[in-house]
Amino acid sequence: MKNFVVNQFNTFGLAFWVEIMTEMPRCTYYFGPFLTENEAEEAEPGYIEDIQGEGATGLQVAVKRCQPDVLTVAADLDQNFDNPLQWA
């Protein structure tokens, strides 16, 4: 039931997402959707750890309501990667 509600919130742009931008490589990652800002903030450290574990540096992190078209944008490669959604 929770996934249905989160999906509905996401459909209307009301879901929260964790956005992580990195300087090296120049990428933007989106993780979510989440029903509440608090849920997104609680999940944030795990995503940061994963990205740092991949060797990324210069992270800028934000939790915001949005509706990303793609979940990974690699600016250095001028590519978008549409990864499967990671449900909260």
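Each residue takes its place number in the sequence, starting with 1.
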Separation of Ile48 CD1 from Tyr29 OH (nearest 0.5 Å): 13.0 Å
Whether Tyr30 and Trp17 hold their rings parallel, tilted or perpendicular, with breakpoints at 30° and 60°: perpendicular
Separation between CD1 of Ile20 and CD of Gln52, rounded to the nearest 0.5 Å: 8.5 Å
Closest heavy-atom pair and its distance - Ala15, Val6: CB-O, 4.5 Å
By side-chain hydrogen bond (donor to acceptor under 3.5 Å, both in side chains) - contacts of Asp50 (at least two apart): none
Distance-minimising heavy-atom pair for Val5 and Leu35: CG1-CD1, 3.7 Å
Validation: residues 59-67 side-chain donor-acceptor distances under 3.5 Å, sequence neighbours left out:
unit_1 : atom_1 : unit_2 : atom_2 : d
Lys64  : NZ     : Glu19  : OE1    : 3.3
Lys64  : NZ     : Glu19  : OE2    : 3.1
Arg65  : NE     : Leu14  : O      : 2.9
Gln67  : NE2    : Asn10  : O      : 2.7
Gln67  : NE2    : Thr11  : O      : 2.9

